[in-house]
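See below for the structure under consideration.
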Amino acid sequence: MTQEVQESFDLLVNAANALDAEKYFSFIDSDKFVGLGADGSNWNSVEELRAMIVPGFNMVKEIKLLEFTNVKISVIDKNTAVLVNEYQQSMILANGELAEGAGGGTQVWSKASGNWLLVSISASAKR
C-alpha cells in the first residue's frame, strides 16, 4: 500500500510541475476534502482550495525546482494513509520575478473510492 500511495503522490507532484490544475485536482476527493493552509486558514471544501491553486498556477511561467524530501508514508489501514514531507520550490512568475519557498506538508490519502485520493492537506512554511 505504501508504494501505491507513493505512486499517487508522484503523479500529483508531476501535475504540479506541469501546472496542470485539472490533473492535480483529479487526485483530490472533492466530496470529502478539507485542509489547512500555511497561513492557518481552513479550506472547508475543494472549491476553496481550487480558488487558491488555479490562480497560483496561472501566475507561474516556469517551475525551476519542486523537490520533496523527507517523505514518510504511514499506512493506517487498507483505506487510509498519512504522508508527511518537506519541500523546496523555485519558480519564475509570469511577470519574470523569481519566487522561492520551502516548508512541509501533511496529506491524508483515502482509498475508500477505489483509488488513492487526497481527503486532507495541511501545509506549513519554513522561514
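For reference, positions follow the sequence shown, starting with 1. All figures in this text were calculated on a predicted structure; none of them were measured in a lab.
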Are the side chains of [X] and [Y] in touch, meaning some heavy atoms are under 4.5 Å apart?
X    : Y    : result
V82  : I76  : yes
W116 : M1   : yes
S110 : V119 : yes
L49  : I28  : yes
Y24  : I53  : yes
W109 : L12  : yes
Q88  : E67  : yes

Within a reach of under 6.0 Å around CE of M59, are more than 12 heavy atoms found that belong to other residues, nucleotides or ligands? no
Between [Y] and [X], does any NZ, NE, NH1 or NH2 come within less than 4.0 Å of an OD or OE carboxylate oxygen?
X    : Y   : answer
K126 : E86 : yes
R50  : E48 : no
D29  : K32 : yes

Supply the atom-to-atom distance [X] [atom1] to [Y] [atom2], rounded to the nearest 0.5 angstrom.
X    : Y    : atom1 : atom2 : value
E100 : Q89  : CD    : CD    : 9.5 Å
I73  : L83  : CD1   : CG    : 4.5 Å
S26  : L118 : OG    : CG    : 10.0 Å
N14  : D20  : CG    : CG    : 10.5 Å
Q107 : L117 : CD    : CG    : 12.0 Å
N95  : K61  : CG    : NZ    : 10.0 Å

Between [X] and [Y], is there shared hydrophobic-cluster membership here, with clusters defined by ILVMFWY side-chain heavy atoms closer than 4.5 Å?
X   : Y    : value
F57 : I92  : no
V46 : I121 : yes
L65 : L19  : no
F33 : V5   : yes
F25 : I63  : yes

When you measure from the side chain of D39 to the backbone of S41, do you find a donor-acceptor pair of N or O atoms at a distance under 3.5 Å? yes
Which atom of S120 lies closest to which atom of G35, heavy atoms considered: OG-CA, 4.1 Å
For the pair F27 and L11, evaluate side chain to side chain contact (heavy atoms under 4.5 Å, CB included) and give the outcome as yes or no after the intermediate values. CA-CA 8 Å; F27 294 98; L11 291 170; 3.3 Å; yes
For K111 and E4, what are the C-alpha separation, side-chain angles and deciding distance, and is it a salt bridge (Lys or Arg N to Asp or Glu O under 4.0 Å)? CA-CA 10 Å; K111 195 176 182 181; E4 292 175 8; 3.0 Å; yes
Counterpart residues, ring-ring contact (aromatic ring centres under 6.0 Å, His included), relative to F9 (two or more places apart): F68
